[in-house]
Colleague: 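Can you read through this structure? Questions will come right after.
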Amino acid sequence: MGRRPSSALRAPSPRDRAEGIDIAIVGGGIIGICAAAYLAEAGRDVTIFDRTGICEETSSGNAAAFAFSDVLPLAHKGMIRQLPKWLADPLGPLSIPPAYLPKLLPWLIRFWRAGASEKYEASLAAQAGMMKLAEAEWMGLLDRSGTRRMLREDGSLEVYESEAEFKASLPGWAARKRFDIGFSHVEGDALAALQPGLSPRFVKGTFVPGWKTVADPKLLGKAVWAYAETKGARFEKARIDHVDASQHGATLTLADGTTRQARHLIVAAGAWSHLLAKDLGDRIPLETERGYNTTLPKSAFDVKRMLIFSGHGFVITPLETGLRVGGAVELGGIERPSNYARSKALLRKAQNFLPGLDPSGGREWMGFRPSLPDSLPVIGRARPAGNIVYAFGHGHLGLTQAAATARLIRELILRQNPTLDLSAFSPNRFR
């Protein structure tokens, strides 16, 4: 199919309104973009709706990682053990505004329960299976979309400030080894060679050679969308205020009061997705991790690969467009104003960890990570209608798992047998 005119300028035609849309996707982030590409490749007519644009919100400013080795759910990564210490610091790796705590408490209880040992193996296996599929699907999509040049395969380096911190990480690395994830522990000259200029306060590290990053997540998202457009995918700039199941699919109500009819609907609206699911009678316990970062000029420091400071809850990623410092979590919903003091606190830490880092000229950013208590996304059909499918709640792993999610969504829409057992990702698992 030939390339259509730029959909960013396209208004809905009378034919669209009269006949309805084949597949509507709510959400122009990386999940929606990849789903559109996969379905358009299958010859389906796809329209994405987003209030801002393609890859303009949370998907634009993430840490740029293809974190295929990150198989441990958050509840099993020492986060619960660290909670008291982190919460004691209002600018630490995790913050909860006191006024938001009563609303957050049910989610926190679910998160605590997700860390139970009897749930560990099932969550680990589900996440590992998802990551294996994600890597294969992304490599294929990069090739098909002509974006392989945007992939970086420099690995990652996780660093530790003490022997005790390093030893606490070992069970997690043992779990990864069971799934054939390669890594090596380093210290001394080997550590210094992987990242020259690192503060001597870091005594050990773990190098993961298979970890990948992208040149810039916003540029990648827009490039994959350009590919989807060549296959016929279209975009309509609109905020979707409400969705309803209809006899033949779904009705979308836009902010201006107009409606669109769609035979199939995919809800991939990130941190706002659970509000649309609620319209359909599905109550899904999604919370928002508000992540902060600062992107410095490329000249700020010569960072060789992604650096992970797990004890402090943040990373530093070298991008084509700058040096990104960020990752701290604020569990505060979608309505509170941004607190950029958190970005500044991360930048001060980065200066201590990389002596010589130039902190000037940075661009601050905050994004909303849609997170579920068990760290697994929701991928499956809405309860009231088989033609409505959910694809959200990926937390820190939206970019990483986008292509795998797109493959699974395409299989659901086309009524094919799914590549993975989707029971672990079911929208009904929280009842």
Side-chain angles (χ1 to χ4, degrees), residues 22-27 29-46 48 66-68 70-71 73 119 121-142 144 179-180 224 228 231 233 245 249-250 262-270 273-274 276-277 280 282 284 286 370 372 374-395 397-431:
D22 179 16
I23 301 171
I25 300 176
V26 181
I30 194 63
I31 302 295
I33 292 166
C34 288
Y38 269 66
L39 288 162
E41 285 177 329
R44 302 300 293 263
D45 187 11
V46 184
I48 284 184
F66 279 158
F68 303 124
D70 197 3
V71 297
K119 297 183 178 181
E121 288 298 331
S123 295
L124 183 63
Q127 197 72 290
M130 185 67 164
M131 292 301 198
K132 184 176 181 180
L133 178 64
E135 184 166 13
E137 291 301 321
W138 258 122
M139 297 308 106
L141 180 57
L142 292 174
R144 298 194 304 276
F179 293 96
D180 298 322
V224 173
K231 301 296 183 181
R263 285 178 282 279
H264 301 271
L265 171 63
I266 299 167
V267 178
S273 298
H274 65 304
L276 298 178
L280 299 165
D282 286 320
I284 297 173
L286 182 146
L372 294 163
D374 58 4
S375 301
L376 299 175
V378 163
I379 302 172
R381 301 186 191 280
R383 182 172 46 179
N387 286 355
I388 300 176
V389 176
Y390 298 139
F392 61 84
H394 296 75
L397 300 169
L399 174 63
T400 300
Q401 297 182 341
T405 301
R407 164 75 179 267
L408 296 168
I409 292 300
R410 183 180 68 186
E411 291 167 347
L412 287 171
I413 294 292
L414 300 183
R415 301 282 175 173
Q416 298 171 342
N417 291 328
T419 302
L420 295 181
D421 178 0
L422 294 182
S423 58
F425 310 104
S426 169
N428 302 318
R429 69 186 189 268
F430 301 105
R431 291 182 186 176

Colleague: Got a second to check how far F425's CZ is from H394's NE2, nearest 0.5 Å?
Modeller: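 Here the rounded value is 8.5 Å.
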Colleague: Kindly compute the distance separating CE (M130) from CD1 (I379), expressed to the nearest 0.5 Å.
Modeller: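 The distance works out to 3.5 Å.
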Colleague: If you compare all heavy atoms of A67 against all heavy atoms of T400, which two are closest, and at what distance to 0.1 Å?
Modeller: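 Taking A67 first and T400 second, the nearest heavy atoms are N-OG1, 2.9 Å.
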Colleague: Taking C-beta and beyond as the side chain, do R44 and L414 meet within less than 4.5 Å on heavy atoms?
Modeller: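 Yes - at least one pair of side-chain heavy atoms lies under 4.5 Å apart.
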Colleague: Output the distance between atom CE (M131) and atom CH2 (W138), rounded to the nearest 0.5 Å.
Modeller: 13.5 Å
Colleague: Go through the structure and list residues passing ring-ring contact (aromatic ring centres under 6.0 Å, His included) with Y38, not counting sequence neighbours.
Modeller: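 With sequence neighbours excluded, Y38 shows a ring-ring contact (aromatic ring centres under 6.0 Å, His included) to no residue whatsoever.
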Colleague: Should T419 and E137 be marked as a side chain to side chain contact (heavy atoms under 4.5 Å, CB included) after you check the CA-CA gap, both sets of side-chain angles, and the distance that decides it?
Modeller: CA-CA 11 Å; T419 302; E137 291 301 321; over 6 Å; no
Colleague: List the atom of S123, the atom of P73, and the distance in Å for their closest heavy-atom pair.
Modeller: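 Closest pair (atom of S123, atom of P73, distance): CB-CG, 3.7 Å.
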Colleague: Which pair of heavy atoms, one from P370 and one from L286, lies closest together, and at what distance?
Modeller: CB-CD1, 3.7 Å
Colleague: Provide the closest heavy-atom pair for A250 versus I388 in the form atom of the first, atom of the second, distance.
Modeller: CB-CD1, 3.9 Å
Colleague: Can you find a heavy atom in the side chain of L422 that is under 4.5 Å from one in the side chain of E411?
Modeller: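 Of all side-chain heavy-atom pairs linking E411 with L422, none is under 4.5 Å.
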Colleague: With I413 as reference, evaluate L265, L39, D22, V46 under the side-chain contact (heavy atoms from CB on, under 4.5 Å) test and give the passing residue.
Modeller: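 Considering L265, L39, D22, V46, a side-chain contact (heavy atoms from CB on, under 4.5 Å) with I413 is found only for L39.
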Colleague: So, taking the atom named CG in L397 and the one named CG in D70, what distance separates them when rounded to the nearest 0.5 Å?
Modeller: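 Between L397 CG and D70 CG, I get 5.5 Å after rounding to 0.5 Å.
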Colleague: Mind checking the NZ-CG spacing from K132 to D180? Nearest 0.5 Å is all I need.
Modeller: 8.0 Å
Colleague: Is a donor on one side and an acceptor on the other found under 3.5 Å between the side chain of D282 and the backbone of A277?
Modeller: no
Colleague: Quick check: closest heavy atoms across A233 and A36, and the distance to 0.1 Å?
Modeller: CB-CB, 4.4 Å
Colleague: When you measure from the side chain of R407 to the backbone N and O of A403, does any donor-acceptor pair fall under 3.5 Å?
Modeller: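 No; zero donor-acceptor contacts below 3.5 Å.
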Colleague: Can you tell me if Q401 and Q127 form a side-chain donor-acceptor pair at under 3.5 Å?
Modeller: yes
Colleague: Among S273, P377, P427, find the residue that satisfies the side-chain contact (heavy atoms from CB on, under 4.5 Å) test when tested with F392.
Modeller: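 Option passing the side-chain contact (heavy atoms from CB on, under 4.5 Å) with F392: S273.
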Colleague: Find the distance between CD1 (I23) and CD1 (I48) and round it off to the nearest 0.5 Å.
Modeller: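 Here the interatomic distance stands at 11.0 Å.
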Colleague: Can you name the nearest heavy-atom pair linking I31 to A402, along with the distance?
Modeller: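 So the two residues come closest at CD1-CA, 3.6 Å.
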Colleague: Treating R381 as the side-chain partner and L412 as the backbone partner, does any N or O pair qualify as donor plus acceptor under 3.5 Å?
Modeller: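 Yes; at least one donor-acceptor contact below 3.5 Å.
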